[in-house]
Student: 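Got a structure here, written out as structure tokens. Questions coming.
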Amino acid sequence: MSSVSHIIAFGFLFCFFYLLTMVNQRRLNNNWWMYLALPISLYAFVVGTRWGWGTDYLWYKLRFENPNYVEENFGWRALNIFLGDIGFNYVGAYIIYSLVFILGGVLLLKSYKQNKHMLFLFVLLTLRFSTQSIRQAFAHAFVFIAMFFLNKESQWKWIYIALIIPIIVSIHPSAMITLVLLVCSYFVKKEIGLKYALMIYVGLSACSTFLTQYVADHFSDYISLIPFLDVYFVSYVDNSELWFGEQAIDEERVQSMSAFLLSVMYYCCVFYLCSMSLKYRYNKNIVYVYNLAFIGVCGSRIFILYEILLRVVEPLACLIFIPLGYALSFWTNKTNRMLMTTKERTISRYAIVGIIVYLGLFYGRFLLLNSQSAFVWDK
């Protein structure tokens, strides 16, 4: 059972962002920062004041309180030293980490016109990533900012992105994998077809147990082929038995058959809705994100049991909040729905029900049945 403070705090957080989906889209876009000032502050406070949960929580608490404890990337170490010098303790630091993450996401979403459902989904679908992979998530805030410029029709955007790259590298170099893949995907103008997406995802899901073990067994061989990753993942390669052996399997991620089938159903519903929205309302800035998010979702299915491998693809999978938010905005517009055939509208209704059921069960459990729920005032 979750603590009362957890239920209240995250209940309020989810409600605040859900209420934004009821605001007129044009009014929201014209008064963006006014509408979002309070939700952003609430997000930073609630996520930043959690206690103890998240794989890296205590580790980064130790590193903040002892900045010379291990060798750090320059930008991350400089940030923590600065925060310590101006009087912040680790709680203040976690609030700042959360604030920067939500600001990066909100700035990115400002580059989309149909964004109110994206805002709500951003909070839901990135929550695990932002709380589990603290430094990596902080670096991805700047990836979001780079995406904001990538979406702009500006001749200067590549210069802005180039200026952001040193910041990302100085915090967590692995975030560059996401940015490089995003830039490559940006030049692909067509989304992956629905039939192919469903066949690939269902096929990979059916073979996921075999594929997970195969990739884990040969991870060091693959990494050695890429010089940049070979340097960054050298400690994982040298200790491959620890990170990719049987003891590395995270038992909490082992799914029951019902949970497995529900998650497969959920993503099939997501792919269907996204494909329908892009079929009738093409948007190039949605397409490149959708294609990369699809790769991330497939990768997450294969690597679900291994924390280190999952961290490579999870940031890509999280980006599904953009095309899914776009699809929901498409569906809630009656004019858009009339473009679809009767069969497509019927299937879309079932798909939306499937998505609501899955997210309701998943985040209902997170909200009400979270044994790790605690805040700094509970410890």
Side-chain angles (χ1 to χ4, degrees), residues 1-2 6 10 14 53-55 121 124-129 131-133 192 194-219 243-275 290 293-321 323-324 327-328 346-373:
M1 183 70 179
S2 299
H6 177 86
F10 277 97
F14 294 161
W53 52 277
T55 305
L121 290 171
L124 294 182
L125 303 186
T126 66
L127 186 59
R128 183 197 175 278
F129 176 56
T131 54
Q132 294 283 334
S133 307
I192 182 171
L194 176 60
K195 290 182 180 179
Y196 293 111
L198 294 178
M199 286 191 297
I200 292 170
Y201 180 69
V202 172
L204 289 176
S205 298
C207 303
S208 58
T209 301
F210 166 76
L211 292 172
T212 297
Q213 191 58 54
Y214 180 84
V215 173
D217 289 344
H218 296 85
F219 178 78
W243 291 109
F244 309 114
E246 289 187 8
Q247 68 238 35
I249 294 177
D250 189 340
E251 297 295 336
E252 291 184 359
R253 295 200 184 93
V254 177
Q255 294 180 308
S256 64
M257 181 56 66
S258 59
F260 171 80
L261 292 175
L262 274 173
S263 64
V264 172
M265 174 210 70
Y266 163 70
Y267 279 112
C268 288
C269 292
V270 168
F271 298 148
Y272 185 85
L273 281 182
C274 292
S275 295
Y290 171 71
F294 173 77
I295 294 173
V297 168
C298 291
S300 295
R301 168 53 60 195
I302 297 172
F303 303 147
I304 190 171
L305 299 182
Y306 292 93
E307 177 72 23
I308 298 305
L309 295 176
L310 189 61
R311 290 192 182 199
V312 177
V313 294
E314 187 176 27
L316 310 181
C318 286
L319 294 173
I320 201 68
F321 72 87
L324 180 55
L328 292 177
T346 301
I347 296 175
S348 294
R349 289 191 186 95
Y350 285 119
I352 289 175
V353 171
I355 290 171
I356 292 173
V357 168
Y358 178 83
L359 293 180
L361 290 172
F362 189 93
Y363 288 97
R365 180 181 178 184
F366 166 81
L367 193 63
L368 302 174
L369 302 174
N370 191 338
S371 60
Q372 294 182 320
S373 62

Student: Look up atom CD1 in I320 and atom CG in L121, then write down how far apart they are to the nearest 0.5 Å.
Tutor: 10.0 Å
Student: Roughly how far, to the nearest 0.5 Å, is the CG atom of L316 from the SG atom of C298?
Tutor: 11.0 Å
Student: CD1/I192 to CD1/I200 distance, rounded to the nearest 0.5 angstrom?
Tutor: 4.0 Å
Student: What is the distance from atom CG of N370 to atom CZ of F10, rounded to the nearest 0.5 Å?
Tutor: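 Atom-to-atom, N370:CG and F10:CZ are 8.5 Å apart.
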Student: Using modelled atom types only, decide if a donor and an acceptor are shared between the side chain of S2 and the backbone of L367 within a distance under 3.5 Å.
Tutor: yes
Student: Side-chain polar contacts of residues 262-275 - donor-acceptor pairs under 3.5 angstrom, sequence neighbours left out - could you list them?
Tutor:
residue, atom, partner, partner atom, Å
S263, OG, A259, O, 3.3
S263, OG, F260, O, 2.8
S263, OG, R301, NH2, 2.6
S275, OG, F271, O, 2.9

Student: Where is the tightest heavy-atom contact between V297 and A317, given as atom of each residue plus distance?
Tutor: N-CB, 3.7 Å
Student: Of all heavy-atom pairs between Q132 and R311, which one has the smallest distance, and what is that distance?
Tutor: O-NH2, 3.8 Å
Student: Kindly compute the distance separating CZ (R365) from CG (L368), expressed to the nearest 0.5 Å.
Tutor: 11.5 Å
Student: May I ask you to decide if the ring planes of F366 and Y363 are parallel, tilted or perpendicular, using 30° and 60° as cut-offs?
Tutor: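 Answer is perpendicular, since the angle exceeds 60°.
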Student: Check G299 against V313 and note the closest heavy-atom contact, atom names and distance.
Tutor: C-CG2, 3.6 Å
Student: How long is the straight-line distance from CG of L319 back to OH of Y290, given to the nearest 0.5 Å?
Tutor: 13.5 Å
